[in-house]
Amino acid sequence: DPDGVDFSDWADCSAVTWTETVDLQPRGECPDDFTGWFNTFPLDDYTQIHEVGPPGRLVGVSDYKGHAYFRVPSWQNVIDVRLPIDGTLYEGSKTQWAGPNGSWQPEMQYGLSFRTPCEGLWIHFGHILQLSPSVAALFDELPAQENSSAMSVGPIEMSEGDVIGTAIGFALTGNASFDFGVNDEYGRVRTAEHERAYGRHLTAACIYDFFSAEIAAYLRNNEQPGDPVEEGLCP
């Protein structure tokens, strides 16, 4: 060795490794139990709802709907839709929708996604027919699409009880309904496990128990016994 260092003993050296378990916790205001976490229902009077489409519906031969829907009596499309908890509007859709098979006269439909104060827990509204003025100003800048692909919106901070929409569903047919979904990216509540779940539906959760026990019972009692649903998602 030109530097006079003897390396002969280095053959007996061994590398030392260690592992450490990192427990990543969501940030923000997260409750220990999400039961009853939403103090405000999206409609001023939840008893107007006469039909609930439960989360986890298996539609047709391949489609999966992780979100729920609420339907009120026909032609009652003009109705306020409120935010059930503080949230940040960050994503939305603006769709000229002509029904599931494209045979309806198109009407503009809006979708809105909000982050909640608890990281990884977000809520989604769909089939909003008319937006509140402050929200509409953001969507005016977005192009109308033929599908419901999500686009970045805002972000804008909104408060529990704020009106996000003033009409729902389809005014031309009187179908007065809208979608509502809750997603948990951390799996703190039961989320979709069905093989047909895809995209955002993979983190879809049961919506009922986020509301009070009274409202949860009413929604369950008004489920529409139509499409089959994922077993166990919404007991």
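Just so it is clear, the values below take in all heavy atoms, side chains as well, and ignore hydrogens, waters and symmetry mates. All values reported here derive from a predicted model rather than from experimental measurement. Starting from 1, each residue takes its place in the sequence as its number.
- Cation-pi geometry between Arg196 and Tyr64 is not satisfied (NZ or CZ under 6.0 Å from the ring centre, within 45° of the ring normal).
- Proximity of the aromatic rings of Phe41 and Phe70 is defined here by a centroid distance below 6.0 angstrom, and this criterion is met.
- Of the possible donor and acceptor atoms, one in the side chain of Asp184 sits under 3.5 Å from a partner among the backbone N and O of Val189.
- Taking CD1 of Ile49 as the reference point, atom CG of Asn221 lies at 12.5 Å (rounded to 0.5 Å).
- The CD atom of Glu157 lies 10.5 Å from the CZ atom of Phe114; values are rounded to the nearest 0.5 Å.
- No side-chain donor-acceptor contact under 3.5 Å links Tyr69 and Gln224.
- Contact of the Pro42 side chain with the Phe211 side chain is registered, since non-hydrogen atoms from C-beta on lie closer than 4.5 Å.
- Closest non-hydrogen pair, Pro106 versus Gln96, comes out as CB-OE1, 3.6 Å.
- Gln130 and Thr166 form a side-chain donor-acceptor contact under 3.5 Å, judged by distance and modelled atom types alone.
- Between the side chain of Asn77 and the backbone N or O of Asn175 there is at least one donor-acceptor pair closer than 3.5 Å.
- Nearest heavy-atom pair across Asn222 and His50 is OD1-O, 3.9 Å.
- Salt-bridge annotation for Lys94 and Asp140: absent, with no side-chain N of the basic residue lying under 4.0 Å from a carboxylate O of the acidic one.
- The closest side-chain heavy-atom distance from Val81 to Val163 is not below 4.5 Å.
- Around CD of Glu29, the count of heavy atoms belonging to other residues, nucleotides or ligands within 6.0 Å does not exceed 12.
- With hydrogens and angles disregarded, no donor-acceptor distance shorter than 3.5 Å links the side chain of Thr40 to the backbone of Glu160.
- One distance of note links CG of Asp44 with CD1 of Ile79; it measures 7.5 Å at 0.5 Å rounding.
- Between Trp37 and Phe210, the ring planes lie tilted relative to each other; the angle falls in the 30° to 60° range.
- Closest of all the heavy-atom pairs between Val135 and Leu112 is CG1-CD2, 3.6 Å.
- Annotation: Phe180 is in aromatic contact with Phe125 [ring centroid separation under 6.0 Å].
- Looking at heavy atoms from C-beta onward, Lys65 lies out of side-chain contact with Asp227 at the 4.5 angstrom threshold.
- Note that CZ of Phe170 and OG of Ser74 are 13.0 Å apart. Values are rounded to the nearest 0.5 Å.
- Contact annotation: the side chain of Ser177 never approaches that of Glu51 to less than 4.5 Å [non-hydrogen atoms, C-beta and beyond].
- Here the side chain of Gln48 pairs no donor or acceptor atom with the backbone of Leu43 at under 3.5 angstrom.
- For the atom pair Leu129 CG and Glu107 CD, the distance stands at 6.0 Å (nearest 0.5 Å).
- Judged by distance alone, with hydrogens and angles left aside, the side-chain atoms of Glu230 form no donor-acceptor pair with the main-chain N or O of Ala192 at under 3.5 Å.
- Hydrophobic cluster membership is shared by Leu142 and Leu131, with clusters built from Ile, Leu, Val, Met, Phe, Trp and Tyr side chains linked at under 4.5 angstrom.
- A donor-acceptor distance shorter than 3.5 angstrom exists from the side chain of Arg190 to the backbone of Gly232, with no hydrogens or angles considered.
- Formation of a donor-acceptor pair under 3.5 Å by the Thr88 side chain with backbone atoms of Pro155 is not found in this model.
- With Arg57 contributing its side chain and His67 its backbone, the two residues share a donor-acceptor pair below 3.5 Å.
- In this structure, Glu91 does not pair ionically with Arg200, as no charged nitrogen and carboxylate oxygen lie closer than 4.0 Å.
- Between the side chain of Ser159 and the backbone N or O of Asp162, no donor-acceptor pair lies under 3.5 Å.
- Closest of all the heavy-atom pairs between Gly165 and Ile128 is CA-CG2, 4.0 Å.
- Looking at Gln109, its side chain does come within 3.5 Å of a backbone N or O of Gly169 through a donor-acceptor pair.
- Here the CD-CZ distance, from Gln76 to Arg71, works out to 13.5 Å after rounding to the nearest 0.5 Å.
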